[in-house]
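The block underneath contains the structure these notes are about, expressed in structure tokens.
Just so we're on the same page: letters track the sequence lines, and every chain starts at 1. Predicted, not measured: the structure shown is a model, and the values here were computed from it.
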There are 2 protein chains.
Amino acid sequence: MHAIEEILRKKKIKVTPQRMAVYSILKQSKFHPNVEMIYQKLKPDFPAMSLATVYKTMDVLKKVGLIQELNVGEGGLRYDAQIRPHSHIYCKNCGKVVDVDHFPLEELQDSLLEKVKEETGFNILFVQLYFFGTCPECNDKKELLEASS
Amino acid sequence: MHAIEEILRKKKIKVTPQRMAVYSILKQSKFHPNVEMIYQKLKPDFPAMSLATVYKTMDVLKKVGLIQELNVGEGGLRYDAQIRPHSHIYCKNCGKVVDVDHFPLEELQDSLLEKVKEETGFNILFVQLYFFGTCPECNDKKELLEASS
DNA sequence: TTCATAATTGATAGCAGTTATTACTTAAAA
DNA sequence: TTTTAAGTAATAACTGCTATCAATTATGAA
Ligand SMILES: [Mn+2]
Ligand SMILES: [Mn+2]
Ligand SMILES: [Zn+2]
Ligand SMILES: [Zn+2]
């Protein structure tokens with residue numbers, strides 16, 4: 001039995017094929033997909049599945065702590081099965097979301113969170129760090145376009 | 001003439017009472033309001049103003065760089081006339097958004113942005129750092145509630 | 001295995017925030 | 001002034017998401 005099944009059963013949450021399928025898409029890829037992307041990817045295997053089920057599944061997986069939600073300022077949200085604290089960079093041109101692995105978000109939490117707690121009096125639950133810009137691929141395309149004009 | 005008027009005129013953007021009013025609300029407060037809050041605050045002075053005008057004004061002010069947009073994961077967006085890079089902390093209980101002034105977001109940009117650029121190949125335009133938790137006021141209320149039960 | 005039951009699913013209506021459209025109005029250049 | 005490009009108000013339309021509910025299914029007790 002997979003780890004996710006145990007986690008769900010322990011919380012009296014039913015293990016359904018839809019939930020397993022959604023989680024496996026997230027676990028396999030570094031894609032940070034949104035609900036619509038997940039829905040489209042599952043369509044071949046689950047042609048009857050409703051978009052509402054994907055939304056509800058994201059909610060369940062988030063609540064049990066198996067995934068994290070990213071908000072890069074598009075309409076909808078992105079999801080990530082990598083729950084270790086790490087930051088992300090977003091391409092404003094093509095919408096790509098990439099991990100920034102070597103950025104010290106974990107150290108930051110340990111060393112500076114206490115300072116922010118003191119300054120604000122807040123009880124801090126988590127931190128999100130986003131970089132915004134344009135990805136190498138988009139930059140290359142733009143250069144080519146400019147060179148040919 | 002105010003600085004904002006010059007900036008708008010220089011870009012051939014008309015200076016209207018509605019735009020000035022929206023900007024002055026943001027400039028005066030540390031409130032990080034959303035569109036609805038701004039709209040309600042302007043109603044007494046501009047009873048005829050449309051919500052759509054507030055939306056369009058936010059867009060204009062953002063594009064000319066007079067304000068920044070914050071996304072704390074509510075439905076809508078928050079706005080800030082303080083455009084110097086700084087991070088924010090959000091109370092998940094009451095929705096308050098507070099500046100984290102002493103957090104080294106500016107230093108972070110100077111010292112570590114180059115590293116992230118190298119790692120990802122992205123051209124980085126800006127950074128957003130959000131802390132999430134519960135504010136002192138909400139924490140006190142909760143304590144009182146628990147003590148009396 | 002079978003069955004009872006509560007949880008989940010799929011379909012769809014509804015909602016909130018936002019954007020597009022359009023006829024009327026106005027700021028500001030000539 | 002007059003002209004006109006830009007802006008405003010009102011509102012329809014769109015989008016991401018949630019609520020509702022009848023039909024289905026996972027789970028565990030018998
Ligand atoms: Mn990630
Ligand atoms: Mn601020
Ligand atoms: Zn890109
Ligand atoms: Zn609070």
Side-chain angles (χ1 to χ4, degrees), chain A residues 1-2 4-23 32-40 42-64 66-67 69-79 90 95 97, chain B residues 1-2 4-23 32-64 66-67 69-79 95 97:
Chain A
M1 198 195 295
H2 289 272
I4 169 178
E5 295 189 30
E6 274 189 76
I7 291 169
L8 293 178
R9 286 217 174 83
K10 213 168 275 177
K11 306 213 176 187
K12 310 270 183 208
I13 295 168
K14 286 186 182 172
V15 175
T16 67
Q18 291 90 337
R19 284 174 179 164
M20 298 306 282
V22 167
Y23 183 70
H32 306 96
N34 60 25
V35 166
E36 186 62 32
M37 293 168 187
I38 294 169
Y39 178 62
Q40 291 303 335
L42 288 175
K43 232 174 191 173
D45 291 332
F46 297 82
M49 184 162 49
S50 166
L51 192 57
T53 300
V54 183
Y55 277 105
K56 281 181 254 184
T57 300
M58 301 329 286
D59 208 49
V60 168
L61 294 178
K62 190 179 61 175
K63 272 183 182 144
V64 301
L66 277 165
I67 62 172
E69 207 174 64
L70 307 179
N71 191 334
V72 291
E74 297 175 314
L77 301 164
R78 302 294 199 106
Y79 294 91
Y90 176 71
V97 176
Chain B
M1 196 195 296
H2 288 274
I4 167 176
E5 294 189 30
E6 273 188 75
I7 291 170
L8 293 178
R9 288 216 175 84
K10 212 168 275 178
K11 303 212 178 189
K12 310 270 183 207
I13 295 168
K14 285 187 181 170
V15 175
T16 67
Q18 291 88 340
R19 284 175 180 165
M20 299 305 284
V22 168
Y23 184 70
H32 306 95
N34 60 25
V35 167
E36 186 62 32
M37 293 167 187
I38 294 170
Y39 178 62
Q40 291 303 334
K41 207 152 194 174
L42 287 176
K43 234 175 190 172
D45 291 330
F46 298 81
M49 183 161 50
S50 166
L51 190 58
T53 298
V54 183
Y55 276 105
K56 281 183 243 178
T57 300
M58 302 330 284
D59 209 48
V60 168
L61 294 177
K62 190 179 61 177
K63 272 184 183 145
V64 302
L66 278 165
I67 62 171
E69 206 173 66
L70 306 180
N71 191 335
V72 291
E74 298 176 314
L77 301 163
R78 301 295 198 105
Y79 293 92
V97 175

If I compare all heavy atoms of [X] with all of [Y], which pair ends up nearest, and what's the gap?
X: B/Q18; Y: B/F46; result: N-CE2, 4.3 Å
X: B/L61; Y: B/V64; result: O-CG2, 3.4 Å
X: B/G73; Y: A/N71; result: CA-ND2, 3.4 Å
X: A/N34; Y: A/L77; result: CB-O, 3.1 Å
X: A/K62; Y: A/I67; result: N-CG1, 3.6 Å
X: B/M49; Y: B/Y39; result: O-CE1, 3.3 Å

Does C/dA11 have OP1 or OP2 sitting under 4.0 Å from an N or O in the side chain of A/S50?
->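 Looking at the OP1 and OP2 atoms of C/dA11, neither is under 4.0 Å from any side-chain N or O of A/S50.
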
Report yes if a side-chain nitrogen or oxygen of A/Q18 is closer than 4.0 Å to either non-bridging phosphate oxygen (OP1 or OP2) of D/dT25; otherwise report no.
->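 A/Q18 to D/dT25 OP1/OP2: no side-chain N or O under 4.0 Å.
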
Which residues satisfy the side chain to side chain donor-acceptor pair (under 3.5 Å) test with B/R19, sequence neighbours excluded?
->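 Per chain and number, B/R19 pairs via side chain to side chain donor-acceptor pair (under 3.5 Å) with no residue.
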
Pick out the pairs of N or O atoms, protein on one side and nucleotides 24-30 of chain C on the other, that lie under 3.5 Å.
residue: C/dA27; atom: N3; partner: B/K14; partner atom: NZ; Å: 3.3
residue: C/dA28; atom: OP1; partner: B/R9; partner atom: NE; Å: 3.2
residue: C/dA28; atom: OP1; partner: B/R9; partner atom: NH2; Å: 3.3
residue: C/dA28; atom: OP1; partner: B/V15; partner atom: N; Å: 3.4
residue: C/dA28; atom: OP2; partner: B/R9; partner atom: NH2; Å: 3.3

Taking five pairs at each end of the helix from C/dT1-D/dA30 to C/dA30-D/dT1, what angle separates the two helix axes (nearest 10°)?
->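 The helix from C/dT1-D/dA30 to C/dA30-D/dT1 shows an end-to-end axis angle of 30°.
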
Output a table of nitrogen or oxygen pairs between the protein and nucleotides 17-21 of chain D separated by less than 3.5 Å.
residue: D/dC17; atom: OP1; partner: A/L77; partner atom: N; Å: 3.3
residue: D/dC17; atom: OP2; partner: A/Y55; partner atom: OH; Å: 2.9

[X] side, atom [atom1]; [Y] side, atom [atom2] - distance, nearest 0.5 Å:
X: B/M58; Y: B/L66; atom1: CE; atom2: CG; answer: 10.5 Å
X: B/M37; Y: B/K41; atom1: CE; atom2: NZ; answer: 10.0 Å
X: A/Y23; Y: A/L8; atom1: OH; atom2: CG; answer: 9.5 Å

Separation of [X] atom [atom1] from [N] atom [atom2], in whole Å?
X: A/M58; N: C/dT9; atom1: CE; atom2: P; value: 13 Å
X: A/R19; N: C/dT8; atom1: CZ; atom2: C1'; value: 6 Å
X: B/K11; N: D/dG7; atom1: NZ; atom2: C1'; value: 18 Å
X: A/E5; N: D/dG28; atom1: CD; atom2: P; value: 12 Å
X: A/L61; N: C/dT8; atom1: CG; atom2: P; value: 12 Å
X: B/E74; N: D/dG16; atom1: CD; atom2: C1'; value: 16 Å
X: A/Y23; N: C/dT8; atom1: OH; atom2: P; value: 18 Å
X: B/M20; N: D/dT8; atom1: CE; atom2: C1'; value: 17 Å

Are any non-hydrogen side-chain atoms of A/L51 and A/E36 less than 4.5 angstrom apart?
->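 They are in contact (side-chain heavy atoms under 4.5 Å apart), so the answer is yes.
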
Among residues 36-48 of chain B, which contact DNA chain D at a heavy-atom distance under 4.0 Å?
->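 Within residues 36-48 of chain B, the residues near DNA chain D are B/A48.
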
Would you find a donor on one side and an acceptor on the other, under 3.5 Å apart, between the side chain of B/R78 and the backbone of B/L70?
->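 Between the backbone of B/L70 and the side chain of B/R78 there is no qualifying donor-acceptor contact (under 3.5 Å).
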
Could you please spell out the steps behind the side-chain contact (heavy atoms from CB on, under 4.5 Å) verdict for B/E69 and B/Y79?
-> CA-CA 5 Å; B/E69 206 173 66; B/Y79 293 92; 3.4 Å; yes

According to the side chain to side chain donor-acceptor pair (under 3.5 Å) rule, which pairs have a member within residues 50-59 of chain B, sequence neighbours left out?
->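 Checked against side chain to side chain donor-acceptor pair (under 3.5 Å) - neighbours excluded - the pairs reaching residues 50-59 of chain B are B/D59-B/K63.
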
